[in-house]
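Notes to accompany the following structure.
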Amino acid sequence: MSETALAASASLDFIREMIAADVAAGRNGGQVITRFPPEPNGYLHIGHAKSICLNFGLSQEYAPNSRCHLRFDDTNPTKEEVEYVESIMEDVKWLGFDWGNNLFYASDYFEKLYGFAVQLIEKGLAYVDDQTPEQIRETRGTLTAPGTASPFRDRSAAENKELFARMRAGEFKNGEKVLRAKIDMASPNMNLRDPVIYRIMQAHHHRTGDAWCIYPMYDYAHPLSDALEGITHSLCTLEFEHHRPLYEWLINSVDGLPGAPYQREFARLNLTYTVMSKRKLLRLVKDGLVHGWDDPRMPTISGIRRRGYTPAAIRAFCKAIGLTKYPSLTELNLLEHHVREDLNKHALRVYAVLKPIKVVLTNYPEGQVEHVEVPNNPENEADGKRQVPLSRELYIDAADFMETPVQGFHRLVPGGEVRLKYAFCIICQEVIKDAQGNIVELRCTYDDATRHGVKPVGRAKVKGTIHWVSAAQAADIEVRLYDKLFTVEQPDEQAGEDGDFTQFLNPGSLETVTAKIEPSILSAKPGSHYQFERVGYFFADPKDSQLGQPIFNRTVQLKDGFVLKK
RNA sequence: UACCCCGUGGUGUAAUGGUAACACAGGAGAUUUUGGAUCUCUUAUUCAAGGUUCGAAUCCUUGCGGGGUAGCCA
């Protein structure tokens with residue numbers, strides 16, 4: 001066991017406990033070989049990250065007697081595309097994992113898989129069925145009633161072999177024939193009622209082209225692919241629990257397999273305020289309810305990447321949620337906690353005013369510009385300092401001023417005093433409004449004696465410190481304020497069977513503003529993280545930012561100790 | 001109303017027959033040129049009933065509750 005595994009051994013989840021016992025018993029020569037096996041039919045989401053962290057994490061924990069394969073489960077050509085293969089590889093790499101040379105495709109095994117099927121036929125464990133899909137469904141029985149045997153169930157091995165060869169040769173149309181495993185039509189487990197293991201599909205495959213017109217089913221291909229690759233532990237989500245007996249049946253029924261893997265299942269990740277099923281995510285994209293798979297509001301890996309979540313934060317989150325068989329619902333704020341925790345250490349600070357109010361310092365010389373020195377990150381002195389321009393006309397955030405303050409508000413109010421961070425204290429002398437009564441300007445005076453953190457003398461203690469931006473030097477920057485995608489914790493649950501989850505979409509999930517930001521922001525590289533002080537973490541959009549004109553996505557808000565009471 | 005899996009603070013997990021604990025969330029305070037961060041304190045937990053045992057969250061039984069399963073999808 002490696003050091004990390006040893007360190008974590010204080011409390012292992014049920015899967016790791018099982019694996020530790022296998023290693024201790026010397027099973028598989030102490031090797032731990034796992035795999036992450038996505039079907040390339042869509043984009044990966046945060047739920048997949050849980051599986052990726054488990055499988056690749058295990059491989060790291062047991063190094064060097066371990067490896068984790070990336071295997072594309074591409075057994076259904078009608079749904080799969082190269083585009084997805086590429087995005088999946090990008091996402092796994094971004095999460096910080098490396099499959100090395102261990103990149104595989106189930107389609108690599110089509111020939112071997114065909115051979116195993118012939119072997120099953122010879123053993124009398126598989127047969128060609130001529131029934132229609134409807135007939136197969138009807139004779140499968142129900143949850144409470146056993147199925148009945150197909151009239152073709154007892155064909156001779158020779159006939160089955162010939163028919164199966166003719167299926168491969170393309171002599172039959174889609175749906176005319178299938179190959180079925182011969183197990184038990186009365187099993188209480190539906191998966192054992194002679195499951196279909198090969199179907200005819202006249203379809204172009206993204207890797208094998210037109211070489212095949214019969215394709216193996218997942219239930220057949222998966223255990224055998226695992227065995228062929230020497231996988232020791234095949235870990236999947238709970239909905240495959242009922243497939244395990246079939247998995248084991250195949251491992252035990254096929255001779256000549258190089259490995260003897262076993263399957264274990266764990267609960268998938270559910271997160272509040274989002275949906276995770278591929279179907280629903282597709283709906284959001286297709287109906288234009290979000291701007292694509294990588295919309296920063298999406299729970300896809302590409303979405304959260306663009307939102308500004310970091311790989312380290314995702315990994316920490318996946319570790320924190322644990323691994324059980326309980327179908328839990330994890331709070332979004334746990335994810336956000338880990339995002340803030342990581343970004344707090346690394347994001348450079350900058351002053352940004354999202355919703356500006358102009359402030360004029362009436363006793364500050366006109367035309368004068370000075371520079372104040374501010375730390376780039378108070379959490380890390382090594383990040384250095386920068387110069388921020390300061391002059392007579394400034395912007396502060398609308399949220400930092402209240403004309404008639406509520407209880408507990410200690411920012412700027414008429415006649416009140418606040419500190420401009422790293423500059424000096426100001427007092428609001430006058431509120432200027434337009435004809436409609438909107439505030440257009442605050443006229444304030446500053447106190448030169450309060451520079452460098454010196455407290456004002458002879459007046460009330462200044463409780464508030466706010467950020468600011470010098471008007472003349474401020475850059476106008478597009479900022480996208482993202483919020484929860486849905487207004488309820490479980491949109492699909494709330495919508496019910498026939499309901500439409502999109503009714504719970506948050507109309508305020510995206511607000512775009514033009515912010516006033518200190519000029520240093522213009523050099524922000526696309527794909528870099530910042531903390532807009534007192535506001536939140538923001539990410540320079542890697543797609544839409546121009547060099548010298550970044551566009552920011554709000555990753556997550558800062559925690560705010562001051563919450564307006566309704 | 002068949003079979004399988006699962007029930008521990010609000011949420012997620014730990015305790016593997018021997019003091020029910022940790023993180024997030026909530027609350028209070030200290031500190032702070034971010035109402036952030038940090039630090040301290042704090043609220044709150046074994047689905048129910050029986051049984052086994054000196055001792056049960058843990059083992060057994062029953063009940064209740066939740067999830068899953070009838071694709072030629074994965």
Side-chain angles (χ1 to χ4, degrees), chain A residues 10-14 17 37-39 41-42 73-76 78-80 129 131-133 136-138 140-147 174-180 187-191 193 195-201 214-215 217-219 221-222 236-245 265 267 272 278 320-338 340-341 344-345 349 351 374-375 378-379 408-411 419-425 450 452-455 462-467 489 531-537 557-563:
Chain A
S11 175
L12 297 181
D13 57 67
F14 76 106
E17 206 163 273
E39 182 189 18
N41 70 341
D73 232 322
D74 53 352
T75 57
N76 185 349
T78 63
K79 295 191 168 184
E80 297 147 7
D129 195 344
Q131 292 185 109
T132 64
I136 288 179
R137 186 174 4 97
E138 283 159 16
R140 183 159 29 226
T142 67
L143 294 175
T144 51
N174 289 355
E176 259 181 39
K177 284 182 169 42
V178 291
L179 186 69
R180 290 230 252 172
S187 171
N189 183 338
M190 303 293 285
N191 294 113
R193 319 245 265 227
V196 170
I197 57 177
Y198 265 92
R199 75 293 213 185
I200 299 170
M201 280 180 135
I214 59 171
Y215 291 93
M217 298 285 286
Y218 163 87
D219 277 321
H222 203 88
C236 60
T237 47
L238 241 30
E239 64 270 27
F240 292 102
E241 238 172 346
H242 316 261
H243 298 241
R244 189 151 112 196
E265 313 82 17
T272 56
K278 230 169 232 177
I321 56 177
L323 197 71
T324 67
K325 299 184 80 160
Y326 180 73
S328 58
L329 177 67
T330 299
E331 289 177 350
L332 180 63
N333 65 36
L334 183 64
L335 212 205
E336 294 188 335
H337 162 79
H338 287 285
R340 287 193 194 98
E341 192 171 58
N344 179 47
K345 285 177 289 194
R349 271 58 167 175
Y351 289 172
V374 308
E379 298 291 315
F409 185 79
H410 45 248
R411 275 104 98 155
R419 170 171 294 283
L420 296 186
K421 196 169 185 198
Y422 290 113
F424 37 60
C425 294
T450 57
H452 310 298
V454 174
K455 294 187 173 75
V462 173
K463 281 204 218 149
T465 300
I466 65 174
H467 61 284
E489 288 197 344
Q531 185 196 98
F532 292 179
E533 283 214 36
R534 302 206 312 125
V535 177
Y537 294 100
Q557 285 174 278
L558 245 34
K559 281 169 72 174
D560 193 351
F562 176 68
V563 183

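Per chain, numbering begins at 1; letters A, B, ... match sequence-line order.
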Could you list the protein-to-nucleotides 22-24 of chain B atom pairs, N/O on both sides, closer than 3.5 Å?
unit_1 : atom_1 : unit_2   : atom_2 : d
B/rC24 : O2'    : A/Asn333 : OD1    : 3.1

**Prompt:** Reckon A/Ser328 has a side-chain N or O less than 4.0 Å from the OP1 or OP2 of B/rU11?
**Reply:** no

**Prompt:** Does A/Thr324 have a side-chain nitrogen or oxygen under 4.0 Å from the phosphate oxygens OP1 or OP2 of B/rU13?
**Reply:** yes

Under 4.0 Å, counting only non-hydrogen atoms across every strand here, what does [X] touch: a base, just sugar-phosphate, or nothing?
X        : value
A/Lys421 : base
A/His452 : base
A/Arg349 : base
A/Gln531 : base
A/Gly408 : base

**Request:** Using the C1' atom on both, measure B/rC6 against B/rU38 and round to a whole Å.
**Result:** 39 Å

**Prompt:** How far does the C1' atom of B/rG26 sit from the matching atom of B/rG65, given to the nearest Å?
**Reply:** 27 Å

In chain order, what residues pass the side-chain hydrogen bond (donor to acceptor under 3.5 Å, both in side chains) check against [X], with sequence neighbours excluded?
X        : answer
A/Glu533 : A/Lys421
A/Lys278 : A/Asn41
A/Asn344 : A/Arg349
A/His242 : none

**Carboxylate-amine/guanidinium proximity below 4.0 Å for A/Glu39 and A/Lys79** = no

**Fill in**
Symbol by symbol from the 5' end, with Watson-Crick or G-U pairs under 3.5 Å, [ ] crossing and | another strand, RNA chain B is .((((((..((((....[..)))).(((((.......)))))....(((((..]....))))))))))).....

**Message:** Closer than 3.5 angstrom, by distance alone: can the side chain of A/Arg199 be matched with the main-chain N or O of A/Gly175 as a donor-acceptor pair?
**Reply:** no

**Asked** Any side chain to side chain donor-acceptor pair (under 3.5 Å) pairs touching residues 322-334 of chain A, not counting sequence neighbours?
**Response** A/Glu241-A/Lys325

**Request:** Would you mind calling B/rG71 syn or anti? Take O4'-C1'-N9-C4 for purines or O4'-C1'-N1-C2 for pyrimidines, and syn is within 90° of 0.
**Result:** syn

Run the salt bridge (charged side-chain N to carboxylate O under 4.0 Å, His left out) test against [X] and tell me which residues pass, sequence neighbours left out.
X        : value
A/Arg534 : A/Asp400
A/Asp129 : A/Arg180
A/Glu341 : none
A/Glu176 : A/Lys173

**Request:** Assess whether one donor atom and one acceptor atom, taken from the side chain of A/Arg534 and the base of B/rG35, lie less than 3.5 Å apart.
**Result:** no

**Request:** Could you run through nucleotides 65-74 of chain B and give me one letter per nucleotide, 5' to 3': B if any protein heavy atom sits under 4.0 Å from the base, S if only the sugar-phosphate is that close, - if neither?
**Result:** --SBBBSBSB

**Nearest-nucleotide pick for A/Glu379, side chain only, options being B/rG12, B/rA37, B/rG35** = B/rA37

